[in-house]
Amino acid sequence: MFNKILVANRSEIAIRVFRAAHELHIPSVGIYAAEDRLTLHRFNTRESYRVGEGKGPIEAYLDMEDIIRIAKLSGADAIHPGYGFLSENPDFAHRCAESGITFIGPPPEIMRRLGNKVEARRLAIEADVPVMPATDPLPCDDGEITRLASEVGYPLMLKASWGGGGRGMRVIEDGSDLLEQVAAARREAQAAFGNDEVYLEKLVRNARHVEVQIMGDSHGQVVHLFERDCTVQRRHQKIVERAPAPYLSEAQRDEICSAAVRLARSVNYCNAGTVEFLQDVDTGEFYFIEVNPRIQVEHTVTEQITGLDLVKSQIRIAAGGQIGDIESSGIPAQEDIRMRGAAIQCRVTTEDPRNNFIPDYGHIVAYRSPAGPGIRLDAGTAYSGAVIGRHYDSLLVKITASGVSEAEATDRMLRGLSEFRVRGVETNLAFLGALISDSR
């Protein structure tokens, strides 16, 4: 097992990894940008260092060399990247390996193959997994971009090859603003992921978003931990996630989970990942869209229905643990992974739904969180006195409700949302309550 783990991230996911390391009796190290000097994650671990001095609030957390420097200075022999920032950057995973530091995630060669959505699509075809019609990475030639778009057919979805979270994503209805949208998406992808590669994919208007949680080890084992429904989104950002997906039959569940495992095994996938699909509501057909080679924001939903700790398993597997050996990896064999009840996650954000969801900033002058049976909270900036700045994502706290049935999980979520009290900044709590109530 590792001597010390540096968490190359911030806020709630950094705290989530600190907690997993603590339960495994492993000291952890935090990093923080200048803008985060007063945030909770800096003080949630005994050892924390400022990163990216002289750089901006985002660039600081993308400073590979400074992160490596801090890891060596602190004596950390492993780095957990969380999600976002450098979590899907194969160059960072490679630099960790060069420095004798274990990257807690897939190896860089797997990240390169699956982290690039265009390459992942090709691999899915080889693994007999159905895919959506799409282009290769778009060239710089405007005429060729126009031709490729017409070939796939409008409407289209424009996506960044090396990213997620909706960044670089655009809906293209027709060719009137195609080139302007491509240019804008390239700029956004470059700023968010350090790579401006984008591609076009056929848009399915009436679709459900289903993703399968997978876990692999370095011994050739790959298992799935069932699916999550992530259909409820805004600006391509997930708002509500739930498991199991209530509209899937057992045959459909087996089909989509088997396809995810088949793709992962074809590349000897290692550590945590998510295989994402779209289901055409009109036809019932599934289409592979991408692989996220990292832990995801909504991993808590899977943890609640399986009883497994995915972050602790990430750490154990990176240290050589074997799936099927619960003591070494925390993950049992596939036939022993059970789904128990249902879970729902809502992302509480500091946004104003009445004003086009514009992010709000300021001091939280009062904060009260919910509690009780079936309520789990994952937070990084949710406390009285916290300063909500404009530099980072507006996520305040993730609330996950679970129960023996979807109805009980829904009732607990509504109770949890109603128990929140946040004063000083606008939130989307009322919007979430209305959304969950409407789903009953």
Side-chain angles (χ1 to χ4, degrees), residues 1-53 55 57-89 91-93 95-97 99-106 111 165 271-273 292-300 303 309-319 330 377-382 391-393 395 397-398:
M1 188 47 74
F2 304 114
N3 295 317
K4 189 180 288 187
I5 296 173
L6 183 145
V7 183
N9 217 297
R10 64 178 300 277
S11 197
E12 71 89 11
I13 188 58
I15 293 172
R16 173 71 183 89
V17 181
F18 294 155
R19 288 170 172 162
H22 183 83
E23 291 181 17
L24 292 172
H25 310 290
I26 306 171
S28 56
V29 181
I31 59 173
Y32 63 93
E35 291 78 6
D36 268 342
R37 62 191 178 278
L38 300 178
T39 52
L40 193 59
H41 84 269
R42 177 188 175 183
F43 303 104
N44 201 262
T45 186
R46 292 184 178 180
E47 196 174 354
S48 194
Y49 298 82
R50 180 176 170 182
V51 69
E53 188 167 355
K55 296 192 174 182
I58 302 296
E59 290 75 13
Y61 289 104
L62 297 175
D63 192 336
M64 299 185 201
E65 296 308 317
D66 205 33
I67 292 171
I68 297 291
R69 177 191 67 81
I70 293 170
K72 291 181 176 179
L73 176 67
S74 64
D77 54 350
I79 291 178
H80 194 300
Y83 55 73
F85 293 125
L86 294 170
S87 63
E88 297 182 63
N89 190 314
D91 294 334
F92 181 56
R95 281 291 294 117
C96 290
S99 303
I101 298 169
T102 300
F103 179 85
I104 301 176
M111 294 177 71
N271 218 270
N292 290 299
R294 53 172 168 81
I295 198 72
Q296 284 196 278
V297 179
E298 58 271 22
H299 73 276
T300 63
E303 290 183 332
D309 189 315
L310 301 189
V311 179
K312 283 165 64 174
S313 291
Q314 279 192 289
I315 296 170
R316 286 169 160 159
I317 286 172
L377 300 175
D378 291 74
T381 56
H391 305 293
Y392 302 107
D393 186 90
L395 178 65
V397 55
K398 301 185 307 193

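Sequence positions, counted from 1, serve as the residue numbers for this chain.
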Least distance between heavy atoms, Ile101 atom then Ala76 atom = CG1-O, 4.2 Å
Ion pair present between Arg50 and Asp66, side-chain N to carboxylate O less than 4.0 angstrom?
-> no
Just by distance, do the side chain of Thr45 and the backbone of Ser28 share a donor-acceptor pair under 3.5 Å?
-> yes
Note: Gly82 and Ser87 closest approach over all heavy atoms is O-CB, 3.3 Å
Quick one: does His41's side chain have a donor or acceptor within less than 3.5 Å of a partner on Ile31's backbone?
-> yes
Pro81 backbone acceptor or donor facing Asn9 side chain under 3.5 Å | yes
Could you tell me which residues satisfy side chain to side chain donor-acceptor pair (under 3.5 Å) with Tyr392, sequence neighbours excluded, listed by chain and number?
-> none
Looking at side-chain heavy atoms only, is the closest gap between Met64 and Asn89 below 4.5 Å?
-> yes
How many angstroms lie between atom CG of Asp378 and atom CZ of Arg16, to the nearest 0.5 angstrom?
-> 6.5 Å
Beyond-backbone contact of Leu24 with Arg316, side-chain heavy atoms, under 4.5 angstrom = yes
Across all chains, not counting sequence neighbours, the salt bridge (Lys or Arg N to Asp or Glu O under 4.0 Å) partners of Glu59 are none
When rounded to the nearest 0.5 angstrom, what distance separates CZ in Phe92 from CD in Glu65?
-> 9.5 Å
Below 4.5 Å, heavy atoms only, C-beta onward: do Met1 and Ile315 meet side chain to side chain?
-> yes
Roughly how far, to the nearest 0.5 Å, is CG of Leu6 from CD1 of Ile70?
-> 7.0 Å
Side-chain donor or acceptor of Arg37 paired with backbone N/O of Ala34 under 3.5 Å | yes
Should Lys4 and Val29 count as side-chain neighbours, where that means a heavy-atom distance under 4.5 Å?
-> yes
Can you check whether Arg294 reaches Met111 side chain to side chain, under 4.5 Å on heavy atoms?
-> no
Between Tyr61 (side chain) and Ala33 (backbone), is there a donor-acceptor pair under 3.5 Å?
-> yes
Could you go through the side-chain contact (heavy atoms from CB on, under 4.5 Å) check for Thr102 and Cys96 one step at a time?
-> CA-CA 6 Å; Thr102 300; Cys96 290; over 6 Å; no
Check whether any side-chain heavy atom of Pro27 sits under 4.5 Å from a side-chain heavy atom of Glu47, and report yes or no.
-> no
On a heavy-atom basis, the closest approach of Ile15 and Ala379 is CD1-O, 3.6 Å
Counting heavy atoms not belonging to His391, are there more than 12 under 6.0 Å from its NE2?
-> yes
Ala318 and Asn271 have their tightest heavy-atom pair at N-ND2, 3.9 Å
Non-hydrogen side-chain atoms of Gln296 and Tyr83 separated by less than 4.5 Å = no
Reported CD1-to-CZ distance for the pair Ile58 and Phe85, which is rounded to 0.5 angstrom | 4.5 Å
Nearest-0.5 Å distance, OG of residue Ser99 to CD1 of residue Ile79 = 8.0 Å
So which of Glu303, Glu298, Glu12 actually passes salt bridge (charged side-chain N to carboxylate O under 4.0 Å, His left out) with Lys398?
-> Glu12
Partner of Leu86 by side chain to side chain contact (heavy atoms under 4.5 Å, CB included), out of Leu62, Asp91, Asp63 = Leu62
Taking Asp77 for its side chain and Phe2 for its backbone only, find out whether a donor-acceptor pair lies under 3.5 Å.
-> no
Specify the closest pair of heavy atoms between Ala60 and Lys55, including all atoms of both residues, with the distance to one decimal.
-> N-CB, 4.1 Å
Non-hydrogen side-chain atoms of Ile13 and Ile295 separated by less than 4.5 Å = yes
